[in-house]
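Take a look at the structure below.
Excluded from the calculations below are hydrogen atoms, water molecules and symmetry mates; all remaining heavy atoms, backbone and side chain alike, are included. In each ligand, atom 1 is the first atom listed, and ligand 1 is the first ligand listed.
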Amino acid sequence: MIAIVGAGVSGLAIGWRLAQAGRTVTAIDRGPAGRGASWAAAGMLAPQVEAEPGEEALLPLLLESRDMWAAFAAELQSATGIGVGYRTEGTLVVALDRDDREKLRFRYDYLLGLGLDLEWLAGAEARRREPHLARGVTAAVWSPKDHQVDNRRLVEALRAAFAAAGGTLIEHAPVEEILHDGARVAGVRVADRTIPAETVIVAAGAWSRNLGGLPDAARPPVRPVKGQMLALAMDPAEPLIERVVWGPDVYLVPRRDGRLVVGATVEEMGFDTRLTGGGMFELLRAAWETLPGIYDLPLVESWAGLRPASRDDAPILGPTEIEGLVMATGHHRNGILLTPVTGAAIARLVLDGTAPPSIRPFSLARFAAKGEDRIGPRNRAAPVSESA
Ligand code: GLY
């Protein structure tokens with residue numbers, strides 16, 4: 001028996017793979033499945049434009065998962081009949097004045113040095129590709145391999161695939177305690193019920209650190225990083241943009257149904273998910289400066305989510321000192337992108353007893369090894385500015 005604490009996209013993808021392999025799996029979520037960071041996300045699959053100095057060791061894992069996405073989306077569709085809106089039009093990062101242009105050029109040179117597939121465009125060429133961009137666009141970086149998926153459809157598809165493969169889902173049930181004897185995991189306690197398990201996988205996002213029963217050595221250093229977002233409604237027959245667009249302080253993600261997802265703030269506010277006037281104002285201002293046509297669009301939704309950020313902003317994937325207790329958390333800005341590799345690699349670890357090489361650098365043990373043994377920078381900035 002395997003228990004997965006947290007039924008977001010990571011927990012469901014791991015559960016799906018393990019159930020497909022014939023294992024008995026129960027995923028338990030404190031709320032409805034997939035309604036935390038998985039639901040709040042924008043669905044960008046953007047290892048190239050989101051790559052940051054200091055995270056070079058994380059890049060191969062991001063690219064590996066990016067390369068799994070087309071087959072993963074197709075497999076989910078054939079397993080469930082649910083399309084996840086995987087789109088491959090690419091991503092454009094635009095500069096709006098000379099200052100932005102210089103910053104973008106500096107980033108571009110850095111990203112090219114990592115061997116990434118990017119192209120520098122003049123402002124006029126960027127506007128030829130996306131005619132509704134602001135007239136003042138001075139330059140852009142074109143990233144053909146940064147794609148997107150509709151993360152909410154992904155939640156629905158993974159939930160259906162997990163159930164169809166025989167997985168059990170328990171919702172609205174906070175896990176109160178991870179049960180173990182100090183050496184080996186024994187299960188979880190949910191309200192007045194004990195669920196015995198020889199493997200327990202912690203995939204509880206921002207809540208992973210606070211789970212009861214975890215010994216200090218197996219407590220993942222994960223904190224919530226708030227992101228406020230909003231959605232506008234475009235005419236699906238005449239969308240303002242076809243590609244994902246990053247402007248200074250904002251990203252804009254067009255969906256096929258006309259929804260335009262606008263994000264996101266990056267705030268250290270604990271578990272506070274309230275929307276603020278300032279957060280909404282800054283997003284709308286930055287979106288309008290990049291794509292003036294949004295001014296007239298209906299505002300259809302606003303929300304905030306909590307990114308699960310680890311101490312070095314890289315995910316925590318792999319075994320712990322407690323036998324049978326496995327971590328799959330701390331995905332921070334890359335949870336949707338890393339879903340295929342997290343599902344496959346953690347399932348492999350459970351089935352074979354060995355972590356695949358690509359996730360070995362990301363075990364919890366890296367934090368215990370020495371305080372400064374870090375995969376990436378302590379506070380990661382957005383591609384073009386601090387607040388996107
Ligand atoms: N990956 C986008 C965000 O975290 O806002």
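Relative to the six-membered ring of W207, R223 misses at least one condition, a distance below 6.0 Å or an angle of at most 45° to the axis. For the pair R159 and W16, the NZ or CZ position fails the cation-pi test of under 6.0 Å to the six-membered ring centre and within 45 degrees of the ring normal.
Contacts between H332 and ligand 1 below 4.0 angstrom, taking non-hydrogen atoms only, are absent altogether.
Considering only heavy atoms from C-beta on, R333 comes within 4.5 Å of V266 through its side chain.
Proximity to Y251 (heavy-atom distance under 4.0 Å) selects the following atoms of ligand 1: 2 (C), 3 (C), 5 (O). Within ligand 1, counting atoms from 1 as listed, the ones closer than 4.0 Å to a heavy atom of M44 are 2 (C).
Of the options L240, V261, L291, L297, a side-chain contact (heavy atoms from CB on, under 4.5 Å) to L232 is made by L297 and by none of the others.
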